[in-house]
Amino acid sequence: MPKDSGIGASSKRREDVRFLTGAGNYTDDINVHGQAYVFFLRSDIAHGRLKSVDTSAAEGMPGVVKVFTGKDFEGVGGMPCGWEVTDKHGAPMQEPPHPILAQGKVRHVGDPIAAVVADSLEQARDAAEAIDVDIEELTAVIDMKAAAQDGSTLVHDDLKNNICYDWQLGETDDAKVDEVFANAAHVTTLDLVNNRLVANPMEPRVAVGEYKRGTDEYTLYTTSQNPHVIRLLMCAFVLGLPEHKVRVVAPDVGGGFGTKIFHYAEEAFCTFAAKACNRPVKWTSSRTEAFMSDAHGRDHVSKIELALDAENNFVGLRTNTYANLGAYLSTFSSSVPTWLHGTLMAGNYKTPVIQVNVKAMFTNTVPVDAYRGAGRPEATFQLERVVDKAARELGVDPIALRRQNFVTQFPYDTPVALTYDTGDYNGTMDKLEAAADLAGFAARRAQSEANGKLRGLGINCYIEACGIAPSNIVGMLGARAGLYDAATVRVNATGSISVMVGAHSHGQGHETAFPQVVADMIGIDESMVEIVHGDTSKIPFGMGTYGSRSLAVCGSAMVKATEKVIEKAKRIAAHLLEASEADIELKDGQFSVAGTDKSVAWGDVTLTAYVPHNYPLEVEPGLEETAFYDPANFTFPAGAYACEVEVDPETGQVSVEKFTAADDFGNIINPMIVDGQVHGGIGQGIGQALLENCAYDENGQLLSASYMDYAMPRADDVPFYGVDHSSQTPCTHNPLGVKGCGEAGAIGSPPAVVNAVLDALNSGGKAVDHIDMPVSPSRVWAAMNG
Amino acid sequence: MYSFEFEKPSTIADAVAALAAEDAQALGGGQTLIPTLKQRLASPSALVSLSGISEMQGVCVEDDGSVSVGGATTHATVASEAANTYPALAALAGQIGDPAVRNRGTIGGSVANNDPAACYPAGVLGSGATIRTNTREIAADDFFEGMFSTALDDGEIITSVRFPVPQAASYQKFLQPASRFALVGVFLARFADGVRVAVTGASEDGVFRWSEAEQALNTSFSPDALMGLHVNPMNMIADLHGSKDYRAHLVSVMTKRAVAACS
Amino acid sequence: MTQVSMTVNGKSVSGDVEGRTLLSSFLRDHLSLTGTHVGCDTAQCGACVVHVNGEAVKSCNMLALEADGTDVGTIEGQSNADGSLNVIQQAFQDHHGLQCGFCTPGMVMSAAALLKENPRPTEAEIRKYLEGNLCRCTGYHNIVKAIMAASGQDAGSIAAE
Ligand SMILES: Cc1cc2nc3c(=O)[nH]c(=O)nc-3n(C[C@H](O)[C@H](O)[C@H](O)COP(=O)(O)OP(=O)(O)OC[C@H]3O[C@@H](n4cnc5c(N)ncnc54)[C@H](O)[C@@H]3O)c2cc1C
Ligand code: FES
Ligand code: FES
C-alpha cells in the first residue's frame, strides 16, 4: 500500500498552486521602485586587445544614468574560482583574473565590455550602440589540442600557456599501467567527444541590485541555486562588502541545472551599480545573451583504453582527456573535470588499475562549469561506451560483460579515491531487465524491421557520487568552501513549524518533500510544516542545491535539528506529565509515558514552550533548533538504463522508442517527485545524445546562439519513460538513508542512447564503431555511408 | 527594438498609402519580423499591420477551380479552410512552426520573406501559383529570386496567392532539429500537363525547381523513376545541421516519398 | 504613445503603449500579470503563450497594439470562479506536470487551446501540439500525462509506468 502522507508518500506539490495560477514570484517579476535597467555591451569578437572604449557619446544619450567600463572596476576584485586544483607535479592550477567588465582584452564572444544603466532597457541599448570600441583582433584559441601546443596564442598573456592544469588520478606509475595494457588479452580503445552543452533553464538569469543609503544595506535578487554562496563570494572576494549588510534573495527560480550555482559578473555589477547610481539596477538576460554568458557544460575530448584479460575481466583503464574551461574560471569549473569526473572512472566495475589524465584548457569560449551531472556524465559516457565497444569486439553480451565485472562487495575502495558504501548492481540490473522487457526486444526489432527501420538496444550502467560533500575531504582536494548544509526548525507556539533551509528549490519540490520528513518524525500533518528557503536574511548559512545534495545533506541537517526539537519537547512533556524524560515517547503527535495512558499533545507542549508557566526551570523557553550537517562520505546512487531506438536507414533519423531506467536511490521520500527528477534528467540526456550541440567556428563565433540552431528536446522527441526505483540499498551514513536523484537521468541516459544507435546500425550490417554526440540524422547518415 | 509608429489600416488602399512613407514596412503576423526587430536588425519608421484588412483574409475557390488565399490569411486558417479544396497545401500550412505561430503567421509574410528554409515558397513554386499584389500578378517562377529576395518592390503588398489545384500533391518536410523549419522540404504537384517539384531548405539560392526530377516523373510517375537522380551538392547549404551531401541526399529521399504519397 | 484597450481575463483594461510594446510586456509590466513568462527572443519556447480571441498566441511575438479590442486570456484567468484549480491545472498538479513552473503558464494555455480543438487527443497529438512549448525540467512525461488526464483519459494506463 502506498502511503498517503509522510515519508514514502507521493504527496502532491503544494508549490504547484502558485505556479499553476501565475502567482509565482520569479526574479524578473520583481520590480523595485525607481529601478534603472542595465544593458551589457558584449564583445562580438572572440579574442582581441581592447585599445579603447569611448563612452562619451553614450553618456549624453536620453535616459542614461551612468556608463561603466572595465576601468570602473580596477580597484574591485574579480570573479573567484572556488576550487584550487593541484596538478600532477604538485603545482597549483594557473588562475587568471576574471574582471566584472573586460580589462585589456576580450576573451570570448559575449565578454562584457561596458555596461549602460538607463531609465529604460531600450535607452540603455540605444546608448550602448553609441559606445565606440576599438579592438585589435587576435587569433582565437578554439581547438583544445592546438591550444595545448607550445607557441599557441595565449588566452591570458600572463600565464605560461593555455593549460590550467595537467592533472592525474589513480595509478601514478606509467610503467605499471603500460604493463597492464601490454599483458592484456584484449584492449579496446575509443576516441570520443562529450559535446558542449548549454544548460538552458527556461528562465533566463536576472539580477536586481538595490542599495539603501540610510542603512547602508544592499539587497540582491537573483536567479540562484545558492543565495548564501553568492553572498559570500560577492562580499568576500569581489566587492569587499560586509556580509551582514548584504541580503541575497533567490525567489522562485525557473530551473538551474547547475548553471545558476555560479556567481556571475552581472550579479556583482547590479549590486555595485545600485550604490554607484544611487538607484536600483535590474538586468534581465535575453536568451541570446544567455547563450553567451551562462556557463556552458561538458566539452571534453577524450581517449579511453580498456584492458581485459582472457576471461574478459577488466584489468586496466586509462583515459586522456582535454577539458575545456573556456576563457575564465567559473566558480566550480576546475573541480568538474577532476574530482567530479576522474573519481567516477571506476564506474560500477572492479577494474584494479585505473589512470585518469586531464588537461584543462583555456580557450576563447564562454566559461564551462557544472551542468546537471557535472563530470560524472563525462566519465560515464567514456566508460560505458568503451565497455559497449569491447562487448561488440569480443562478441559477448553487453549485459553479461558488465555483470561479470560489477563490484559486488561493499564497502568498496576504488582505485580512484572513492569508497562506495553500498549498492547492488546485479539486483538493479535484474530490475532493468524485467522493467524494460528485454526478453521482448527481438520481437520488437523484427516489427521495426518489417517497417523498414533498424532497431537497436543500448544498455548503460552508472554510478555517481552525490551528496556533495564531506568538507574535510573536499578541503584536502582544493575546495575553498565547506560543503555542509544547515537547517533551522522553528516550532511556533501553536505547533506549526517553519523550517529554514540552506537548500534551494528550483523545481525539485523541497517545499513538499522536506515537510514530509519533519511531519513524519513528529507524527503531525504535513500541512503543519512549511519550508523557507532562498533568502539569506531568513535562512541559516547553507550551501544550496546542486550535485543531488539537498535531501542527503540539507535534509540530514533538518533531521538533526528536528531531533533536537523533539528531545527538548520531550523534556517539556516529561515535566507536564510528571514523568521521567526517558519514559516519554512521541507518536502520532502525542507524547505519552511508556506503559501508561498518560499523554499530552504536540500542540500543548509547543504552547507550553512559549507560555512557560508550568515549565521546567532548567529548560530554556521556546522551541527552535538549528543543525549543521557535514556528510561523512559521498552517497552513491547507481542504476542501469535501457534505450531502444529506431533508425530510418534512408535519412539517418533516430527516434527513441522506449526508455527504461532502474535506479537505486536508497530510501525515497516522495516517489512522484523522484520519478519526475529522473524523467527530466532523461529528457536532457536524450537531448545531449541526439540534439544538443553548442558549436563554435574556428574564429570563435558561436554558431548555436539561439533556439534556431541549438536543438532543445521537445515533447515529440521523447517517449514516455519507464522508471523503476524498487532497487533500494539505503545510504549507510546519513540519517534518512537517501542518496540523491537529481542528476541520475542525465548521467545514465546519453550512453544508453548512443549504444542503442550503434546496435541498430550494426544490426543493419553497418559496422559503425562510434558516432559523436549529438547523434544527428546527418551524422548517422554519414556514418552509414562510410 | 528601435521605436516605430504603428498603423492598422482596414483597406488595401490605405495600407498602400501608409507604406509609401519612408522606411515604412508591412507587418503580417510578425512571426519573422518581430524577432528580427528584437535583434535590432531592422529599423522601420512605421509598421503597417495588414491584419485588419478583411479583403486579404481567408481561402476561397475561384471560378476556374483554383484556390485563392488572401495575403493576410494565417497558416492555421489555411490548414483548416483549404483542407478540402487543396489538402496538400493545407497539410503544408499545418506543418509550419507550432500552433501559436500558425495562429499569427501569414502566407503573405512567409512568401514575401522567402526564407530559404520556409515551407510556403515550396508550396507556391511547386503549385505554379500566382502571387497577386496591389499592382500586378507575378508567376511563382518569376517571383522567388534567391534567399530572402523576391520580385516585390518596396511597399508592394501580396494581396493573395492563387493556387491551381493539381490532381495530386504532397509536401514532405524533413525537420531541422532546432528551428523545425525545413532542413529539406519537397513540394510535389502532379497536374494533367506535368509534374512540378519544388525544393526548400536545401539550396544556397533558396527555393528551386528540380527539373531533372520533373522530367523523369513526367516520363514515369513512380519513385523508381528517380533512381540515380541527385541534385548537385555544390549548390546546397552546409551548416551545423547537415552537410551539402546530406542535403542533396535528402532531396532525393523526400522527393521519392512525395511521389509515393501521390501514387 | 498610443492608447490600447482590450479585455484581459474578462476585465476591460487599457494603457498607453509605444508601437514597439509587446503584448507580453503589456501584460507583465503594465498590468502586472507576471504569470506570463518570457523565456526566449526567437518565439520558440512558448513560456509566453496566452489566448487572443480564444486562440493560442505567443505574446512575446505580438505587438500590444495588435491586440487592441481583443479578448485576451492569461494563466491568471484560468482558475475556476471560486479560485480553485481548473481541470487542466488540477491535472498538472495531480500528475506532477511541472517542476520549476517557468514553462507552466504557457503549457497550461497551450493545453487549453489543444483541448478546445481536440477534446480527446492521442499521446502523439499532444506531443505534436506542444511543438512550440519547451520544458527543461520534466522531460515532458508528466505534462503529456496530465493533458491526457485532463481530457478524461486514463493516464494510469500509460505503458511505461
Ligand atoms: C517558432 C517559429 C517557427 C517557425 N517555423 C516555420 C516553419 O517551420 N516553416 C516556415 O515556413 N516558417 C516558419 N516560421 C515562420 C512563420 O511561418 C512566419 O509566419 C512567416 O515566415 C512570416 O509570416 P508573417 O505573417 O509572420 O510575416 P511578418 O513576420 O509580419 O513579415 C515578414 C516579412 O514579410 C513582409 N510582409 C508581411 N506580409 C506581407 C504581405 N502581405 N505583402 C508583402 N510583404 C509582407 C514584412 O514586411 C516582413 O518583411 C516560424 C516562425 C516561428 C516564430
Ligand atoms: S518567450 Fe515567447 S516563445 Fe519564448
Ligand atoms: S517545469 Fe521547469 S521548464 Fe517546465
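Heavy atoms only: backbone and side chains are in, while hydrogens, waters and symmetry mates are out. Treat the numbers as computed from the prediction; the structure is a model and nothing was measured. First the proteins, then the strands, lettered A, B, ... as listed; each starts at 1.
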Item checked: For the student: nearest non-hydrogen atoms of C:N142 and A:H679, plus distance -> ND2-ND1, 3.6 Å
When the side chains of residues 103-117 of chain C are checked against the rest of the protein, which donor-acceptor pairs come out under 3.5 Å, sequence neighbours left out?
residue, atom, partner, partner atom, Å
C:T104, OG1, C:G101, O, 3.3
C:S110, OG, C:G106, O, 3.3
C:S110, OG, C:N133, OD1, 2.9
C:S110, OG, C:N133, ND2, 3.3
C:K116, NZ, C:G54, O, 3.0

Notebook entry, point to check: If you look only at pairs with a residue in residues 2-11 of chain C, which of them pass as a side chain to side chain donor-acceptor pair (under 3.5 Å), with sequence neighbours excluded?
Noted result: C:N9-C:T74
Notebook entry, point to check: What are the two closest heavy atoms between A:F720 and C:K145, and how far apart are they?
Noted result: CE2-N, 4.2 Å
Note to self: Using only atom types and a distance under 3.5 Å, with no angle test, would you say the side chain of C:Y140 pairs donor to acceptor with the backbone of A:P713?
What the structure shows: yes
Check: Does C:Q93 use its side chain to pair, donor to acceptor, with the backbone of A:D16 at less than 3.5 Å?
Finding: no
Margin query: Please determine whether side-chain contact (heavy atoms from CB on, under 4.5 Å) holds for the pair A:Q508 and C:Q99, giving the CA-CA distance in whole Å, both sets of side-chain angles, and the decisive distance to 0.1 Å.
Written below: CA-CA 6 Å; A:Q508 297 87 345; C:Q99 291 182 23; over 6 Å; no
Next item on the list: Using a strict cut-off of less than 4.0 Å between a Lys/Arg side-chain nitrogen and an Asp/Glu carboxylate oxygen, indicate whether C:R127 and A:D717 qualify as a salt bridge.
Entry: no
Check: Looking at C:H37, C:Q90, C:H96, which makes the most heavy-atom pairs under 4.5 Å with chain A?
Finding: C:H96
Notebook entry, point to check: Do side-chain atoms of A:R714 reach the backbone of C:E131 as a donor and acceptor pair under 3.5 angstrom?
Noted result: yes
Check: For chain C, which of A:D716, A:T284, A:D29 has the most heavy-atom pairs under 4.5 Å?
Finding: A:D29
Checklist line | Heavy-atom proximity to chain A below 4.5 Å, by part of C:T138 | finding: backbone
Notebook entry, point to check: Side chain, backbone, both or neither: which part of C:Q78 has a heavy atom under 4.5 Å from chain A?
Noted result: neither
Checklist line | Exercise: identify the closest heavy-atom pair between C:V38 and A:P204 | finding: O-CD, 3.7 Å
Margin query: Counting only non-hydrogen atoms closer than 4.5 Å, does A:Y26 touch chain C with its backbone (N, CA, C, O), its side chain (CB onward), both, or neither?
Written below: side chain
Next item on the list: State, yes or no, whether a side-chain contact exists between C:R20 and A:E122 at a heavy-atom distance under 4.5 Å.
Entry: yes
Item checked: Which atoms of A:V253 approach chain C - backbone, side chain, both or neither, heavy atom under 4.5 Å -> backbone
Notebook entry, point to check: Checking A:T288 against chain C: side chain, backbone, both or neither under 4.5 Å from a heavy atom?
Noted result: both
Margin query: Tell me the closest heavy-atom pair linking C:C100 and A:G254, and the distance in Å.
Written below: SG-C, 3.4 Å
Next item on the list: Would you give the length of the straight line joining atom CG of A:L20 to atom CG of C:N86, rounded to the nearest 0.5 angstrom?
Entry: 9.0 Å
Margin query: I want to check something: taking the side chain as every heavy atom from C-beta on, are C:C45 and A:M202 in contact at a cut-off of under 4.5 Å?
Written below: yes
Margin query: Which one wins on heavy-atom pair count under 4.5 Å against chain C: A:A435, A:P719, A:G24?
Written below: A:P719
Item checked: For the student: nearest non-hydrogen atoms of A:R13 and C:L98, plus distance -> NH2-O, 3.3 Å
Next item on the list: Under 4.5 Å, counting heavy-atom pairs only, tell me which of A:V17, A:V678, A:I673 racks up the most with chain C.
Entry: A:I673
Next item on the list: State, to 0.1 Å, how close C:G39 and A:Y707 come at their nearest heavy-atom pair, and which atoms those are.
Entry: O-CE1, 4.3 Å
Notebook entry, point to check: In terms of the angle between their ring planes, are A:Y721 and C:H141 parallel, tilted or perpendicular, with boundaries placed at 30° and 60°?
Noted result: parallel
Note to self: Quick check for you: among A:H506, A:M712, A:Q677, A:R372, which has the greatest number of heavy-atom pairs under 4.5 Å with chain C?
What the structure shows: A:M712
Item checked: Top contributor to chain C interface from A:G683, A:G256, A:G676 [non-hydrogen pairs under 4.5 Å] -> A:G676
Note to self: I'd like to know if A:R18 pairs up with C:E76 as an ion pair, taking the criterion as any Lys NZ or Arg NE/NH1/NH2 lying under 4.0 Å from an Asp or Glu carboxylate oxygen.
What the structure shows: no
Next item on the list: Would you check if the side chain of C:D41 reaches a backbone N or O of A:R287 as a donor-acceptor pair within less than 3.5 Å?
Entry: yes
Item checked: Contact origin within A:D724 toward chain C - heavy atom pairs under 4.5 Å -> neither
Next item on the list: Nearest 0.5 Å please: distance from the CD atom of A:Q684 over to the SG atom of C:C137.
Entry: 7.5 Å
